[in-house]
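Worksheet: the structure to be examined is printed underneath.
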There are 2 protein chains.
Amino acid sequence: MCTAYVYGVNVYVQRKLVKFDLEILLTYDEGMTTTQRPTLTRDRIIEAAVAYADEHGIDALSMRKLGAELDVEAMSLYNHVANKDDIYDGMIEYVFASLPLPDPDADWQDSIRFIGVAGMDTFTSHGWIVALLMIRGNFGPSALRFTDAVIGILTNAGFSDEDAHHAWQMLSSHTMGYAFQAAANPEGLQKEHVDVEAALTAAADHFPNVARLAPFLAQCEYGSEYAFGLEIIIDGLAARLAS
Amino acid sequence: MCTAYVYGVNVYVQRKLVKFDLEILLTYDEGMTTTQRPTLTRDRIIEAAVAYADEHGIDALSMRKLGAELDVEAMSLYNHVANKDDIYDGMIEYVFASLPLPDPDADWQDSIRFIGVAGMDTFTSHGWIVALLMIRGNFGPSALRFTDAVIGILTNAGFSDEDAHHAWQMLSSHTMGYAFQAAANPEGLQKEHVDVEAALTAAADHFPNVARLAPFLAQCEYGSEYAFGLEIIIDGLAARLAS
DNA sequence: ACCTGAACACCGTTCAAGT
DNA sequence: ACCTGAACACCGTTCAAGT
């Protein structure tokens with residue numbers, strides 16, 4: 001891609017690794033007689049991995065393809081990253097670091113709502129995160145910072161430690177459950193899968209209830225479904241707090 | 001493993017593919033002068049895949065290892081199964097087929113509770129199912145049968161189609177969310193991961209709330225947490241039904 | 001110090017050749 | 001009809017060799 005590479009003359013070009021910027025960089029490179037590429041760093045590798053997984057899915061991400069994306073042999077990655085699991089951990093950290101936290105003065109219910117909706121947004125825009133969390137867990141600093149903030153909101157609201165833990169488990173399960181459903185949604189699946197609505201209506205004889213709800217199931221808006229359930233959970237927690 | 005194999009003289013030995021039975025079969029085989037193995041079928045392949053994934057995890061499952069488990073070359077599997085995805089679909093079907101349905105005369109709240117707890121049990125005893133559902137979706141006959149039953153319970157209880165859909169999404173997200181958490185739980189993760197409780201308490205300076213809840217987080221009983229949340233959801237749905 | 005090519009031990013899958 | 005061995009195009013990762 002970069003047509004020439006002068007060894008030892010690495011000029012760092014500040015950029016994000018989105019496709020658009022990448023093209024600009026390449027155009028820029030080709031205009032030069034002596035071209036250079038930005039030095040390889042762990043951060044650049046992680047960003048490239050996130051961008052690649054966003055576009056092609058996590059299963060398509062390989063060390064060789066990631067290297068090609070960065071204009072480098074796969075083996076060069078190992079100079080900046082321990083192994084592929086290390087890249088996975090970096091990707092998880094990257095996503096959790098991007099989660100916003102609410103205004104500390106806000107009411108606990110508003111805070112929980114804000115965090116929930118923002119988290120759901122982030123997780124659905126990086127559909128691979130659920131799969132990654134299942135393999136690697138989530139104990140990086142950003143994940144801990146996030147967990148700490150939510151638990152802090154709950155205990156400040158008056159929940160006991162035990163109830164705060166209940167609430168945390170419930171909220172995170174609700175969020176991960178919907179993020180999972182959104183990611184496992186046929187739209188997100190491989191194309192070779194049969195059209196779902198057709199499959200559902202075809203099964204009308206044996207599964208009348210499913211057939212009747214087929215329109216709802218086929219065009220489910222997970223974001224608003226999530227919000228609907230979140231209100232029920234918040235109400236339930238508030239009732240428990242009041243008693 | 002089977003020392004000799006007389007071509008064309010396959011005697012089917014009824015058995016389940018659990019380790020114990022396998023050993024019995026092998027002992028039996030070695031005692032015979034002319035040994036035989038059960039004919040290969042799709043069902044036997046699926047059962048072996050489920051047993052293998054239960055024991056070694058879904059990532060360790062490969063066509064070659066699965067073949068070895070069945071005393072056959074990997075390529076023989078393709079005579080009974082389209083490809084690995086087909087095996088995945090069979091494994092999902094196998095799990096959903098094992099889900100029990102409640103007494104049709106039971107109260108809707110008891111029915112939902114029964115289905116939820118039984119589902120959570122099944123999903124946690126096959127920890128790989130969440131990952132598989134994320135790759136392949138769940139539109140086999142048993143999954144549809146299960147979905148149909150739950151929706152039927154809700155509509156019989158008086159929920160509108162739209163509210164039944166809301167409730168279904170919420171219940172399945174809750175269940176998949178907890179199944180996900182249980183599967184992503186450090187106990188289920190690779191051993192090389194750092195001891196979580198130690199990591200949490202070490203982070204005490206920066207994350208006081210997490211540190212305070214460390215005991216709860218480390219020894220979380222997902223089954224009872226699930227049941228706790230399920231009650232809140234059922235209460236919320238009942239309140240919505242009453243209004 | 002960082003990048004690379006060849007190599008190793010694995011994958012899923014195809015296909016012609018066996019019985 | 002079913003099983004197999006060799007082969008192909010991929011993996012993650014190691015390591016000695018380059019600059």
Side-chain angles (χ1 to χ4, degrees), chain A residues 1-12 34-45 48-49 52-53 56-91 131-132 135-136 190 192, chain B residues 1-12 34-45 48-49 52-53 56-91 131-132 135-136 190 192:
Chain A
M1 303 177 99
C2 288
T3 44
Y5 168 55
V6 182
Y7 185 78
V9 193
N10 295 335
V11 176
Y12 185 79
T34 60
T35 49
Q36 55 277 119
R37 58 183 169 187
T39 62
L40 206 53
T41 63
R42 188 173 195 280
D43 284 350
R44 282 193 63 231
I45 293 173
Y52 194 90
H56 303 100
I58 192 73
D59 285 341
L61 179 67
S62 77
M63 299 300 275
R64 283 169 172 88
K65 288 183 203 156
L66 185 54
E69 206 77 10
L70 289 162
D71 207 7
V72 125
E73 295 300 316
M75 302 76 199
S76 303
L77 302 174
Y78 288 88
N79 286 315
H80 303 91
V81 135
N83 49 30
K84 202 181 185 187
D85 280 345
D86 192 20
I87 294 181
Y88 286 155
D89 288 342
M91 294 170 76
L132 233 47
I135 305 174
R136 299 294 301 166
Q190 290 89 333
E192 76 263 23
Chain B
M1 302 176 95
C2 286
T3 43
Y5 168 57
V6 181
Y7 184 78
V9 193
N10 294 334
V11 176
Y12 185 80
T34 59
T35 49
Q36 55 277 119
R37 57 185 168 186
T39 62
L40 205 52
T41 62
R42 188 172 195 279
D43 283 350
R44 283 193 63 228
I45 294 173
Y52 194 90
H56 304 99
I58 191 73
D59 285 342
L61 179 67
S62 76
M63 299 301 274
R64 284 169 171 86
K65 287 183 202 155
L66 184 54
E69 206 76 10
L70 288 161
D71 207 7
V72 124
E73 295 301 314
M75 302 75 199
S76 302
L77 302 175
Y78 287 88
N79 287 314
H80 304 90
V81 136
N83 48 31
K84 202 182 184 185
D85 280 345
D86 193 20
I87 294 180
Y88 286 155
D89 288 344
M91 294 170 76
L132 233 46
I135 306 174
R136 299 295 301 167
Q190 290 90 334
E192 77 262 24

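This is a predicted model, so every value here is computed, not measured. All heavy atoms count here, side chains included; hydrogens, waters and symmetry mates do not. Chain letters run A, B, ... following the sequence lines, proteins first, then strands; residues in each count from 1.
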* **Test item: A:Lys84 side-chain N/O and A:Met63 main-chain N/O as donor-acceptor pair under 3.5 Å** => no

* Under the 3.5 Å Watson-Crick or G-U criterion, the dot-bracket string of DNA chain D, with | for inter-strand pairs -> ||.|||||...|||||.||

* Considering all heavy atoms of both residues, which atom of B:Ala49 and which atom of B:Leu66 are nearest to each other, and what is their separation? -> N-CD1, 3.7 Å

* **Non-hydrogen side-chain atoms of B:His56 and B:Leu61 separated by less than 4.5 Å** => no

* Structure fact -> Picking from D:dT13, D:dC2, D:dA7, the nucleotide nearest the side-chain atoms of B:His80 would be D:dC2

* Is any side-chain N or O of B:Lys65 closer than 4.0 Å to OP1 or OP2 of C:dC10? -> no

* Identify whether any heavy atom of B:Ser76 sits under 4.0 Å from a base atom; if not, whether one sits that close to sugar-phosphate; answer base, sugar-phosphate or nothing. => base

* Asked: If you take all heavy atoms of A:Asp86 and A:Arg42, which pair is closest and at what distance?
  -> OD1-NH2, 2.6 Å

* Asked: Nearest-Å distance, CD (A:Glu73) to C1' (D:dT19)?
  -> 15 Å

* Give the rounded distance in Å between these two atoms: NZ of B:Lys84 and C1' of C:dT14. => 17 Å

* To do: Work out which heavy atom in A:Tyr78 is nearest to a heavy atom in A:Asn83; give both atom names and the distance.
  => CE2-CA, 3.9 Å

* What's the CG-P distance between B:Asp59 and C:dC10, to the nearest Å? -> 16 Å

* D:dT13, C:dC3, D:dT4: which one has an atom nearest the side-chain heavy atoms of A:Leu40? -> C:dC3

* Can you tell me how far P of C:dC3 sits from CG of A:Leu70, to the nearest Å? -> 11 Å

* Structure fact -> Of the listed D:dT4, C:dG5, C:dG12, the closest approach to the A:Met75 side chain comes from C:dG5

* If only side-chain N and O atoms of B:Asn79 are considered, is one of them under 4.0 Å from the OP1 or OP2 phosphate oxygen of D:dC3? -> yes

* Asked: Roughly how many Å is it from CZ in B:Arg44 to P in D:dC2, rounded to a whole number?
  -> 14 Å

* Student check: side-chain heavy atoms of A:Leu40 and A:Asn79 closer than 4.5 Å -> no

* Interatomic distance, B:Asp85 CG vs C:dC11 P [rounded to whole Å] -> 17 Å

* **Atom pair distance, as rounded to whole Å: CZ in A:Arg64 and P in C:dA7** => 14 Å

* Base, sugar-phosphate, or nothing: which does A:Ile87 touch, judged by heavy atoms less than 4.0 Å apart? -> nothing

* Taking OH from A:Tyr78 and P from C:dC2, how many angstroms apart are they, rounded to a whole number? -> 18 Å

* To do: Enter the distance from A:Tyr52:OH to A:Ile45:CD1 here, rounded to the nearest 0.5 Å.
  => 15.5 Å

